[in-house]
Amino acid sequence: MRKEFIIGPIAFLLIWALLSYLKIVNPVLIPSPWTVIVRFGQVFYRGEIWADLLATVYRLFFGFALSIVIGIPLGLILGSSKKLSDSSEFLIDFFRSIPASALFPMFLLFFGIGDKAKVSVVVFSCSLIIIVYTMYGVKNCKEARIKVAKVMNADKFSIFTKVVFPESLPHIFAGVRISISIALILVVVTEMFIGTKYGLGRLIYDSHLMFQISTMYVAIFITGILGYILNKIFMIVESKVFHWAGK
Amino acid sequence: MQSSVIIRGLYKSFLKDIKKFQYLSVIEDVSIEIKSGEFVTFFGPNGCGKTTFLNILSGLLPPDKGEVLIQGENPGTVKIGYIFQNFSETLFPWRRNIDNIAFPLELKGTSKAERCKKVIELEKNLGIEIDNDSYPYKLSGGQQQLVAIARALIEQPYVLLMDEPFNALDFQTRMVMEDKILDIWEKMKATILFVSHDIDEAIYLADRVVFFTKIPARIACTMEINLPRPRRQLMLTSNEFFGLRSKAIEIFRKVMER
């Protein structure tokens, strides 16, 4: 990161402070940055936030991990065979076109209001994304590399483990990185609409209902920070591990 | 000297249109014997089936009819080195250069220490310098092709098949690589079958140039190249070379007229 990165946030805080100081917008809707920053410190200092943060992180990673466990093997299998990928293409595209939010009621019916319903929504959307990216990775392996391995008398298993799988890894990882962002969106939304006691989504929604506006902003910022950190971690891993991608 | 590669009555055609039951004949009645340690170039018009020819020799494609014997055995069971034109697409970018070269050994289950030793030994024998710990995409085109050549040679194959390997290189690198492959060929006493669509390259490298006809590929004629060895790029300006070149172009024109 260049050192100029700090200019944006400072400008943002200044404009925010100006808006609330000059009372251009109703101060109830936009409290001063100072109030929100103090509240931000408070929720951590008093330990109020941990239960919500951990609940969200737990659902996020549980759903995410399940999506990987389901998505990658399925994607590898479907991608390796032309018949399988052709026959599943329509179904996958169709299910991927269903907005996950449309499935909340269905998963509620199936699993009740517990964590299962929330995690299921995540798994439904994210495993489909990972399947698609994995299939794409497998299908787009360079024919020439497989040819070379064949000339070297490599058996099918070695071709898969030493050529096709490593070559599709950058695509798989791209799918995984996109899923973690989608998973966070879905967890927060499900927490708002599928009843729960803890969770950042629940905190945002409840503090809005109870007019604790600064708490609402704090929860929004924490969600944003969580998403940002996760995405950054994946980007860094991507550039370090898959430095060779597309070469 | 005994023949290293024997090709007898080779035919190959592809299904062009499954509904009309149309076939495209690509190779027709190709027979040739290549001596052990010989450098043979195959020259012909574009799209005449040269790549198909090498694919059959490497065992990637079965012939419709005819027989290929390499060192008395069928391709697919013998060790063959195959070098492609698009080298960057045949190297494994996720592997370091040393692991690219050692790939055939790894398939066999050779231990890591042994692989390392063999790669370094081979590089020394070939007189090539490659940054082993780096990755292929960080190398120049010529260096990448050297990695591919080293990888093909690590198992000491009976024959080395090369499909227009220097096409994607710039002029200067190409000259260097042509001399490099001649150097490697002499050091390893390899048998090389080299497909080219550059007549200068085909003559300069070869003991013998084989002319293919337009598709379907038949052998139009062969031409012995008696230029002295070791060859140097300067020979490309000699009268001897020009004589061979005009003869070759004459043959090629006849091939294209047919």
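The chains referred to below are lettered A, B, ... by the order of the sequence lines, with proteins before strands, and numbering in each begins at 1.
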Among Glu155(B), Lys108(B), Arg151(B), residue most engaged with chain A (heavy-atom pairs, under 4.5 Å):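 The option with the most such pairs is Arg151(B).
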I need the residue from Leu60(B), Asn55(B), Asn86(B) with the largest number of non-hydrogen atom pairs under 4.5 Å to chain A.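 If we count pairs closer than 4.5 Å to chain A, Leu60(B) comes out on top.
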Yes or no on side-chain contact (heavy atoms from CB on, under 4.5 Å) for Val148(A) and Tyr82(B), after CA distance, side-chain angles and deciding distance? CA-CA 7 Å; Val148(A) 165; Tyr82(B) 196 167; over 6 Å; no
Decide if atom [atom1] of [X] counts as having more than 12 heavy atoms of other residues, nucleotides or ligands within a radius under 6.0 Å.
X         : atom1 : answer
Tyr158(B) : OH    : no
Tyr136(A) : OH    : no
Lys65(B)  : NZ    : no
Phe110(A) : CZ    : no
Gln172(B) : CD    : no
Phe62(A)  : CZ    : no
Tyr198(A) : OH    : no

Could you check whether any side-chain heavy atom of Arg95(B) comes within less than 4.5 Å of a side-chain heavy atom of Trp244(A), counting everything from C-beta outward?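 A side-chain contact under 4.5 Å is absent here.
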Quick check on Val241(A) against chain B: is it the side chain, the backbone, both or neither that has a heavy atom closer than 4.5 Å?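 Neither part.
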For side-chain contact (heavy atoms from CB on, under 4.5 Å), just list the numbers for Lys162(A) and Phe103(B), CA-CA rounded to whole Å, side-chain angles, deciding distance to a tenth of an Å, and then say yes or no. CA-CA 9 Å; Lys162(A) 289 185 195 292; Phe103(B) 186 74; 3.9 Å; yes
Which heavy atom in Lys247(A) sits nearest to a heavy atom in Pro93(B), and how many Å separate them?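 Closest approach of Lys247(A) to Pro93(B): O-CG, 3.9 Å.
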Using every non-hydrogen atom in the two residues, find where Val163(A) and Trp94(B) come nearest and quote the distance to one decimal.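 Distance-wise, the nearest heavy atoms are O-CH2, 3.5 Å.
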Parallel, tilted or perpendicular, as decided by the 30° and 60° cut-offs, for the rings of Tyr135(B) and His243(A):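 His243(A) vs Tyr135(B) ring planes: perpendicular.
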Spacing of CD1 belonging to Ile146(A) relative to OG1 belonging to Thr90(B), to within rounding of 0.5 Å: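 Spacing of CD1 (Ile146(A)) from OG1 (Thr90(B)) equals 12.5 Å.
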Is chain A contacted by the side chain of Ser88(B), its backbone, both, or neither, given a heavy-atom distance below 4.5 Å?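 Contact with chain A is through the backbone of Ser88(B) alone.
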By a 4.5 Å heavy-atom criterion (distance strictly below it), what part of Leu161(B) contacts chain A: side chain, backbone, both, or neither?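 Nothing of Leu161(B), per the 4.5 Å heavy-atom cut-off to chain A.
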Find the one option among Ala144(A), Pro166(A), Ser158(A) whose heavy-atom pairs under 4.5 Å with chain B are most numerous.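 Top count of heavy-atom pairs under 4.5 Å with chain B: Pro166(A).
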Who wins among Lys150(A), Glu167(A), Glu143(A) for the most heavy-atom pairs under 4.5 Å with chain B?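 So the answer, after comparing Lys150(A), Glu167(A), Glu143(A), is Glu167(A).
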